[in-house]
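For reference, the structure discussed in these notes is given below.
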Number of protein chains: 2
Amino acid sequence: MRTNPERRQALIDAAIEVLAREGARGLTFRAVDAEAAVPAGTASNYFASRDDLFTQVGGRIYERLLPDEATITRHREGAQDETRYAELMHELVDRVAAFNSGYLALLELRLESTRRPELRAVLTKRIREDIDANIGYHATSGLPGDSTSVVLLYLALNWLIVERLTLPDIFTQQEIHELVDAAVRRSLNA
Amino acid sequence: MRTNPERRQALIDAAIEVLAREGARGLTFRAVDAEAAVPAGTASNYFASRDDLFTQVGGRIYERLLPDEATITRHREGAQDETRYAELMHELVDRVAAFNSGYLALLELRLESTRRPELRAVLTKRIREDIDANIGYHATSGLPGDSTSVVLLYLALNWLIVERLTLPDIFTQQEIHELVDAAVRRSLNA
DNA sequence: AACGTAGTACTACACATGGAGTGGTGTCAA
DNA sequence: TTGACACCACTCCATGTGTAGTACTACGTT
């Protein structure tokens with residue numbers, strides 16, 4: 001088992017692209033090798049098994065979907081009202097759009113996790129942490145709404161993103177924008 | 001190309017199970033043959049190509065997820081208020097849970113549709129029709145809320161179902177129940 | 001400066017799996 | 001008798017895994 005961390009990371013990032021493009025079943029050692037432009041057999045040397053590969057990708061993918069520190073601190077400033085909340089959510093949707101393949105890969109992982117208990121455990125942990133972090137962030141931010149608002153927004157926006165990524169002709173850009181606004185507005189009404 | 005409609009249907013239904021269990025890439029003619037317990041090569045005779053198979057499954061799957069006539073007419077009776085609306089949505093979530101593999105197969109199809117334009121066209125059409133039908137049904141039902149409520153509920157509940165099917169430990173049954181209620185209540189507040 | 005060693009990159013191969021497509025035969029009913 | 005279909009068998013082909021073996025590079029030792 002090789003340990004070179006840059007190379008391992010490059011392989012995992014390549015795996016994310018493969019996942020998004022070819023689907024879970026298309027995530028093979030050889031496909032990762034090809035995507036990362038390394039010699040055939042390299043991924044075999046870095047991951048004990050396909051299961052191991054899936055699990056490591058599951059651990060990494062979520063990091064890449066989170067906002068960076070700069071974005072977070074930027075949003076801590078200014079009035080924390082409904083308008084700001086909406087901005088935050090628009091930013092979230094746009095951020096995911098900018099890392100399209102990452103979100104698609106996460107969906108593939110979710111589906112694959114119905115077949116791989118280890119992967120499911122990793123994803124469950126990460127996502128539960130993320131939801132709790134969002135609730136916690138919200139609680140200290142001074143933004144309006146309660147924890148249920150946060151979860152409802154999480155639900156609606158996630159599917160909105162799915163819709164946009166998988167069947168982009170269902171809603172127009174304009175409709176998506178309005179739906180985000182509406183979701184924020186209504187989820188705040190307890 | 002064979003035309004026996006019962007057999008074709010049986011093959012398509014088998015394909016749905018294969019999709020849910022093995023993923024999109026695992027949907028092969030041979031796997032369908034095995035699932036439908038027919039001799040190897042049968043699916044080859046019924047579908048011109050894998051693409052054709054995907055498209056036909058895409059056309060059929062959505063029918064099987066819709067409520068039957070009895071359920072619909074039953075819901076037309078009684079007071080059409082927020083409580084009734086919530087009942088309706090709980091029924092929707094339970095119905096999907098009862099046809100677990102159907103919903104998972106639909107998710108697989110959505111992801112596969114990023115690679116198959118023909119499938120994407122079929123799914124887009126079906127789903128757009130379903131959303132419009134829901135909006136239309138709502139408009140004539142006397143239920144509270146506007147068309148935006150309907151779409152917001154569609155978004156939130158879809159992801160709730162995804163969450164439950166793919167990572168069942170994220171939310172408890174109790175939380176899911178409460179989230180459905182909250183989603184109904186808040187989406188109605190314009 | 002020469003040498004040895006460890007870790008890794010790279011290559012090649014042996015082995016296995018699984019699926020597509022098709023041609024042919026048997027069967028049943030109009 | 002004929003046609004449609006179920007069923008079976010066989011060939012061809014593509015792809016992936018795992019691993020053994022070789023080459024390279026950096027580093028420490030004397």
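In what follows, every chain begins at residue 1, and chains take the letters A, B, ... in the order their sequences are listed.
Checking the phosphate oxygens (OP1, OP2) of D/dC5, no side-chain nitrogen or oxygen of B/R7 falls inside 4.0 Å. Contact annotation: A/N4 does not reach the phosphate of C/dG7 (side-chain N/O to OP1 or OP2, under 4.0 Å).
Using a cut-off of 4.0 Å between Lys/Arg side-chain N and Asp/Glu carboxylate O, B/E112 and B/R25 are scored as not salt-bridged.
Other residues, nucleotides and ligands contribute at most 12 non-hydrogen atoms within 6.0 Å of the CD atom of A/E69.
Partners of A/T83 under the side-chain hydrogen bond (donor to acceptor under 3.5 Å, both in side chains) rule, at least two apart in sequence or in another chain, do not exist in this structure.
Within the structure, salt bridge (charged side-chain N to carboxylate O under 4.0 Å, His left out) pairs that include any residue of residues 90-109 of chain B comprise A/R115-B/E108, B/E91-B/R95 (at least two apart or interchain).
At distances below 3.5 Å, at least one donor-acceptor pair connects side-chain atoms of B/S49 with backbone N or O atoms of B/D52.
Using a 4.0 Å cut-off on heavy atoms, the residues of residues 20-51 of chain A that approach DNA chain D are A/T28, A/F29, A/R30, A/S44, A/R50, listed by number.
Between the P atom of D/dG18 and the CG atom of A/D52 lies a distance of 11 Å, rounded to the nearest Å.
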